[in-house]
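Below you'll find the structure, written out as structure tokens, and then a few comments.
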Amino acid sequence: MFAAERRQLILEMVRANGAVSLRELARVVQTSEVTVRRDVRALEAEGLLDRRHGGAVLPGGFTRESGFPQKSHLATAEKTAIADLAANFVEEGEAIVVGAGTTTQELARRLARVPGLTVVTNSLLVAQALAHANRVEVVMTGGTLRGSNYALVGSGAEQSLHGLRVSRAFLSGAGLTAERGLSTSNMLSASVDRALVQAAAEVVVLADHTKLGTDTMFQTVPTDLITRLVTDEPPAHDDRAATELQALADQGVQIAVAGGQGGSAGSGAGAGGPGGDAVPARQQRRDVPVPGPRRQVPGGGGGLRSTTMLGDQGPGAERARVADLRRR
């Protein structure tokens, strides 16, 4: 393939997906990442795209959101490794919330083996992954279906989460920076993600290295509310991703890197989970300053296999269901 043909194909992939990793570009055009990086630099010089940590995005600084079909084929190996590691931070009998996304869908597939787990989610894909787990209870929010990522959004989803308290929230997004935290390209998705954060005592972000340093339009989780980041190991040449990881660690975020030997930076339970590589933090993790009383809720429901819609039987039923979760 000639250079001009490669660059045209690279440009078409970025325009179709919004953001593509160098690794994926090299695989599609069947060349090395070094060659792809040179092509991306040339296209950036022409103003046709912008370089980001380990990838390329649409020009203008803010990436647009890709649809589920495109996302599901990006960084698949990295998402699998991240999901494997993140599953180690979920304990038997917990109640957690899991947001929408292809990485959280991978996590859900692994959570099916955790007994006595209660999972609250606005994602049809997460619910589907857990539908046949006979020892996991799935509680779905209400809301309006957003077809591009199979998630329930809107005021119905947000209201059904009001007053809910669980131990952890697992979220992904379109970009993550130390300066601004987790962000996404869609306003409705961002609003629901913020409601999920309000329900949790701890926030765990799942993001592969291509999202590090990428900033998108709507902030979902500021850095000081992120308890832990689970990511993959950036390529050796990606100094910017490594710098971003260190900046996050310096702000107290515990970093768990899939594919290494250690755990996560900082302190706290689960910091030495298997399969991660530690990034040293200079500060200990500070308390998560989310308003309202926060406590860990031990999830229950052994032997349950159900999918419940919060808000589908009126406010009284919703309050009773939330109270039942809190008692667990």
Distance-only, no hydrogens or angles: does the [X] side chain make a donor-acceptor pair with backbone N or O of [Y] under 3.5 Å?
X      : Y      : value
Ser172 : Thr104 : no
Thr118 : Glu137 : no
Glu5   : Phe2   : yes

Which heavy atom in [X] sits nearest to a heavy atom in [Y], and how many Å separate them?
X      : Y      : value
Ser160 : Gly142 : OG-N, 3.5 Å
Ala95  : Val166 : O-CB, 3.1 Å
Ile255 : Ala249 : CG1-CB, 4.0 Å
Arg180 : Ser183 : NH1-CB, 3.9 Å
Ala108 : Leu130 : O-CD2, 3.2 Å
Ala247 : Ala178 : CB-CB, 3.6 Å

Check: [Y] and [X] side chains under 4.5 Å, non-hydrogen atoms:
X      : Y      : result
Ser189 : Asn149 : yes
Leu171 : Leu182 : yes
Gln105 : Ser123 : no
Val120 : Met140 : no
Glu233 : His209 : no
Asp250 : Leu248 : no
Leu25  : Met13  : yes
Ile82  : Asp208 : yes

Query raised in the report: What's the verdict on side chain to side chain contact (heavy atoms under 4.5 Å, CB included) for Val204 and Val230, showing C-alpha distance, side-chain angles and the deciding distance?
Result: CA-CA 7 Å; Val204 181; Val230 184; 3.8 Å; yes

Requested in this report: Under the side chain to side chain contact (heavy atoms under 4.5 Å, CB included) rule, what do Val139 and Leu164 come out as? Steps first, then yes or no, please.
Outcome: CA-CA 11 Å; Val139 182; Leu164 184 69; over 6 Å; no

Query raised in the report: Under 3.5 Å, is there a donor-acceptor pair linking the side chains of Ser21 and Thr210?
Result: no

Query raised in the report: Are a donor atom and an acceptor atom from the side chains of Arg6 and Thr31 found within less than 3.5 Å of each other?
Result: no

side-chain hydrogen bond (donor to acceptor under 3.5 Å, both in side chains) partners for [X], two or more places apart:
X      : result
Glu158 : Ser191
Glu179 : none
Arg110 : Asp84, Glu106
Ser32  : Thr35

Which residues pass the side chain to side chain contact (heavy atoms under 4.5 Å, CB included) test with [X], sequence neighbours left out?
X      : answer
Leu43  : Arg7, Ile10, Leu48, Leu49
Asn122 : Ala100, Thr141, Ala151, Leu152, Val192, Leu196
Ala242 : none
Val90  : Glu94, Ile96, Leu111, Val114, Leu117, Phe170

Query raised in the report: Please, which pairs that meet salt bridge (Lys or Arg N to Asp or Glu O under 4.0 Å) have at least one residue in residues 111-125, sequence neighbours excluded?
Result: none

Query raised in the report: Does any pair with a residue in residues 115-124 pass salt bridge (Lys or Arg N to Asp or Glu O under 4.0 Å), and if so which ones, sequence neighbours excluded?
Result: none

For the atom pair [atom1] ([X]) and [atom2] ([Y]), what is the distance rounded to the nearest 0.5 Å?
X      : Y      : atom1 : atom2 : answer
Asp39  : Leu9   : CG    : CG    : 10.0 Å
Asn186 : Asp193 : CG    : CG    : 9.5 Å
Ser167 : Glu91  : OG    : CD    : 7.5 Å
Gln251 : Ile226 : CD    : CD1   : 9.0 Å
Gln254 : Leu229 : CD    : CG    : 10.5 Å
Leu176 : Lys211 : CG    : NZ    : 9.5 Å

**Report entry** Residues, nucleotides or ligands: over 12 heavy atoms within 6.0 Å of Gln128 CD
**Finding:** no

**Report entry** Residues that Arg194 engages under salt bridge (Lys or Arg N to Asp or Glu O under 4.0 Å), provided they are two or more places apart
**Finding:** none

Query raised in the report: Is Glu44 paired with Arg41 through a side-chain N to carboxylate O contact shorter than 4.0 Å?
Result: no

Query raised in the report: Cationic tip of Arg168 within the cone over Phe89's six-membered ring, i.e. under 6.0 Å and within 45° of the normal?
Result: no

Report task. Go through Arg23 and Glu78 one step at a time and tell me if the side chain to side chain contact (heavy atoms under 4.5 Å, CB included) criterion holds. Result -> CA-CA 11 Å; Arg23 194 174 303 173; Glu78 291 87 344; 2.2 Å; yes

